Enquirer: 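Take this structure first; my questions come after.
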There are 2 protein chains.
Amino acid sequence: MANRINLDRILKILEATSTLEGIQDVIEKVRDLFEIDHIVYHWVDSAGDQYGCGTYSDDWVQRYLDQEYLRTDPVIIGCYQRFHPVDWKRLDWSSKSARIFLADAQAHGVGNQGYSIPIRGPNGQFALFSVSHNCDDATWEKFTEKYSRDLILLAHYFNRKALDFEPNRAPEQSRTLSPREVDVMTLLAMGYSRAQVAETLAISEHTLRVYIESARFKLGALNTTHAIARAMSRGLIVV
Amino acid sequence: MANRINLDRILKILEATSTLEGIQDVIEKVRDLFEIDHIVYHWVDSAGDQYGCGTYSDDWVQRYLDQEYLRTDPVIIGCYQRFHPVDWKRLDWSSKSARIFLADAQAHGVGNQGYSIPIRGPNGQFALFSVSHNCDDATWEKFTEKYSRDLILLAHYFNRKALDFEPNRAPEQSRTLSPREVDVMTLLAMGYSRAQVAETLAISEHTLRVYIESARFKLGALNTTHAIARAMSRGLIVV
DNA sequence: TTCGCCCTCCCCCAAAACAGCGAGGGTGAA
DNA sequence: TTCACCCTCGCTGTTTTGGGGGAGGGCGAA
């Protein structure tokens with residue numbers, strides 16, 4: 001496998017790329033530079049949507065979608081609870097569905113070795129950056145050890161690009177909440193009832209209601225729960 | 001500021017460190033190597049807890065906690081919605097509370113320049129890795145441009161360590177929601193009432209309630225609003 | 001097979017939230 | 001000064017949730 005990589009150059013090219021086709025070119029170029037079989041960037045939305053780009057065969061990608069492997073793929077499941085990059089060997093392949101998945105993946109040309117880096121963005125965004133290859137354990141360990149830092153940076157930059165392309169939830173700068181409203185919404189998000197919040201803030205429950213309604217109005221929310229959800233996803237409150 | 005950094009060496013030392021005191025040593029060493037004023041790693045928990053380590057004065061740290069600046073700090077608020085590292089100059093400092101915070105920070109020796117990298121881990125974990133310094137804009141831009149990749153890696157490795165020290169903040173936390181529960185929570189977060197959700201999912205309202213209660217239980221939430229807030233901050237649902 | 005978990009449905013009643021109508025005083029900007 | 005917004009407090013209802021019981025079938029793992 002590759003001996004020396006000019007990572008800076010790759011990252012600069014990636015940064016300058018502005019089309020999906022360009023990304024595909026870059027990912028293939030990176031794969032060739034690293035001299036490995038596959039590189040994949042895989043975005044997983046918790047709503048179930050996914051977007052991927054990489055060097056897997058179309059057959060395998062289609063198969064993955066058709067079989068809804070998203071729910072059984074041990075790489076996804078394992079990485080979802082982790083922060084560290086992980087070698088595929090260290091994942092849990094014991095379940096029956098995992099073994100079926102593995103056999104299917106191998107049959108479609110996915111290498112016997114793999115290394116995945118979980119990445120997370122705002123609003124619960126989750127993605128994986130994976131490299132895979134066909135080789136023995138020792139060779140693979142040498143590879144991952146040597147390039148783990150480069151791979152982390154690559155993962156970071158690929159995700160950056162993905163977020164650039166994603167129609168970012170409109171940066172609507174809605175009116176901000178007043179300090180008191182922030183207090184109220186924060187306490188509500190912490191599970192306090194209206195009565196508890198009123199007591200905590202040492203105001204009457206009636207006053208409290210005015211704040212909630214005002215915040216609800218500002219956020220265009222249908223009820224308190226909705227208002228909390230909007231305030232959180234806009235980063236107006238931190239809980 | 002620093003001319004050449006042997007990042008590999010730093011990261012290896014950091015990886016080998018196993019005590020909080022050791023981390024503090026490393027962070028100070030790194031600051032000296034970069035020849036800047038401050039480096040801070042700041043963990044923000046979804047419960048509102050925070051843990052930090054860095055080179056700020058104890059006075060400022062205490063002040064930050066006392067004033068609950070977590071809720072007003074534009075760096076926190078700004079980074080919470082971003083994936084990209086961000087220069088402090090590009091944040092929104094227009095609100096009154098932000099200006100008060102800024103003045104207070106300056107008075108406590110925080111530099112006029114700053115650069116923060118948001119980091120996210122499993123279960124909605126969120127942290128910031130920040131560097132700050134006192135210098136003019138041009139010098140700072142040169143610094144951040146030159147070292148942004150090193151800083152990303154440092155952020156990543158510091159967060160790794162933090163997660164190592166904090167294996168799992170709650171054993172039950174890792175429990176995920178069932179698909180149906182995700183549906184329910186998502187629709188509730190979108191402002192639907194129970195009746196509307198039940199109609200949308202074509203199930204009885206009674207069934208619906210079972211899901212809500214089950215989700216509430218799994219999330220350790222006190223009521224529906226709380227459950228929504230927790231599910232969101234853990235990235236289990238996206239709205 | 002048993003056990004655990006997921007999905008589905010039903011009852012009742014108390015507690016909480018929502019919705020509408022009010023009121024007044026403070027502050028900061030145009 | 002006016003105007004907008006923030007903070008505070010009150011009343012009377014209706015609607016929605018929450019908590020306590022239940023029941024049964026399905027599916028996958030141990």
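None of the values given here were measured: they were computed from a predicted structure. Chain letters run A, B, ... following the sequence lines, proteins first and then strands; every chain starts at 1.
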Enquirer: What integer distance in Å separates A:E213:CD from C:dG20:C1'?
Expert: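 After rounding, the gap between these two atoms is 9 Å.
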Enquirer: Only counting residues at least two apart or in another chain, list the ones meeting side-chain hydrogen bond (donor to acceptor under 3.5 Å, both in side chains) with A:S130.
Expert: A:S116
Enquirer: For B:D164, is there an ion pair with B:K161 - N to carboxylate O distance below 4.0 angstrom?
Expert: yes
Enquirer: Just how far, in rounded Å, is P of D:dG28 from CD1 of A:I100?
Expert: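 So the CD1-P distance, A:I100 to D:dG28, works out to 10 Å.
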Enquirer: Return the value, rounded to whole Å, for the distance between atom CG of A:L188 and atom P of C:dA16.
Expert: 14 Å
Enquirer: Does A:E199, at its CD atom, have more than 12 non-hydrogen atoms belonging to other residues, nucleotides or ligands within less than 6.0 Å?
Expert: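 Counting neighbours around CD of A:E199, 12 or fewer heavy atoms of other residues, nucleotides or ligands fall under 6.0 Å, so no.
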Enquirer: Which residue pairs pass the salt bridge (Lys or Arg N to Asp or Glu O under 4.0 Å) test with at least one member in residues 108-117 of chain A, sequence neighbours excluded?
Expert: none
Enquirer: Is there any salt bridge (Lys or Arg N to Asp or Glu O under 4.0 Å) pair reaching into residues 105-119 of chain A, and which pairs are they, with sequence neighbours excluded?
Expert: none
Enquirer: Reckon B:T224 has a side-chain N or O less than 4.0 Å from the OP1 or OP2 of D:dG18?
Expert: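 For B:T224, the contact criterion (side-chain N or O under 4.0 Å from OP1 or OP2 of D:dG18) is met.
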Enquirer: What is the distance from CH2 of A:W93 to C1' of D:dA29, rounded to the nearest Å?
Expert: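 These atoms are roughly 19 Å apart.
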Enquirer: Using the side-chain hydrogen bond (donor to acceptor under 3.5 Å, both in side chains) criterion, which residues pair with A:Y64? Sequence neighbours excluded.
Expert: A:D73
Enquirer: Base contacts versus sugar-phosphate-only contacts with protein, heavy atoms under 4.0 Å: please encode nucleotides 21-30 of chain C as B, S and - from 5' to 3'.
Expert: ----------
Enquirer: Tell me the bend of the helix from C:dT1-D:dA30 to C:dA30-D:dT1 as the angle between end helix axes, each from five pairs, rounded to the nearest 10 degrees.
Expert: 70°
Enquirer: Taking 4.0 Å as the cut-off, does a side-chain nitrogen or oxygen of A:Y211 come that near to OP1 or OP2 on D:dC6?
Expert: no
Enquirer: Would you please name every residue forming a side-chain contact (heavy atoms from CB on, under 4.5 Å) with B:H156, sequence neighbours left out?
Expert: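 B:H156 satisfies side-chain contact (heavy atoms from CB on, under 4.5 Å) with A:F83, A:P85, A:I152, B:R160 only.
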Enquirer: Side-chain donor-acceptor contacts of residues 205-216 of chain A below 3.5 Å, not counting sequence neighbours, with atom names and distances?
Expert:
from   : atom 1 : to     : atom 2 : distance (Å)
A:T207 : OG1    : A:S204 : OG     : 3.0
A:S214 : OG     : A:E181 : OE2    : 2.3

Enquirer: Does any pair with a residue in residues 103-131 of chain B pass salt bridge (Lys or Arg N to Asp or Glu O under 4.0 Å), and if so which ones, sequence neighbours excluded?
Expert: B:R63-B:D104
Enquirer: Name all residues meeting the side-chain hydrogen bond (donor to acceptor under 3.5 Å, both in side chains) criterion together with B:N112; count only those two or more places apart in sequence or in a different chain, and write none if there are none.
Expert: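 Expected list: none.
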Enquirer: Could you tell me how far apart A:L187 (CG) and C:dA16 (C1') are, to the nearest whole angstrom?
Expert: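 Those two atoms, CG and C1', are 17 Å apart.
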Enquirer: Within this structure, what is the CZ-SG distance for the pair A:F129 and A:C79, rounded to the nearest 0.5 Å?
Expert: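 A:F129 CZ to A:C79 SG: 13.0 Å, rounded to 0.5 Å.
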Enquirer: Identify, with sequence neighbours excluded, every residue that meets side-chain hydrogen bond (donor to acceptor under 3.5 Å, both in side chains) alongside A:D58.
Expert: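 Listed in chain order: nothing, the list is empty.
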Enquirer: On DNA chain D, check which nucleotide each of B:I212 and A:S178 is closest to and give me the residue with the more 5' one.
Expert: A:S178
Enquirer: Below 4.0 angstrom from OP1 or OP2 of D:dG19, is there any side-chain N or O of B:R216?
Expert: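 Affirmative; the distance criterion is met.
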Enquirer: Quick check: on DNA chain C, is the nucleotide nearest B:E181 upstream (toward 5') of the one nearest A:L222, or the reverse? Name the residue that is more 5'.
Expert: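 By nearest-heavy-atom nucleotide position, the 5'-most residue is B:E181.
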Enquirer: Using whole Å, what does the distance between atom P of nucleotide D:dC6 and atom CG of A:D183 come to?
Expert: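 For the pair A:D183 CG and D:dC6 P, the rounded distance is 14 Å.
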Enquirer: Using heavy atoms and a sub-4.0 Å distance, could you list which residues of residues 192-208 of chain B are near DNA chain D? By number, please.
Expert: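 Within residues 192-208 of chain B, the residues near DNA chain D are B:S193, B:R194.
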Enquirer: Within less than 4.0 Å of OP1 or OP2 of D:dC6, is there a side-chain N or O belonging to A:S214?
Expert: no
Enquirer: Taking atom C1' of D:dG26 as reference, at what distance in whole Å does atom CZ of B:R180 sit?
Expert: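 My rounded result for the distance is 15 Å.
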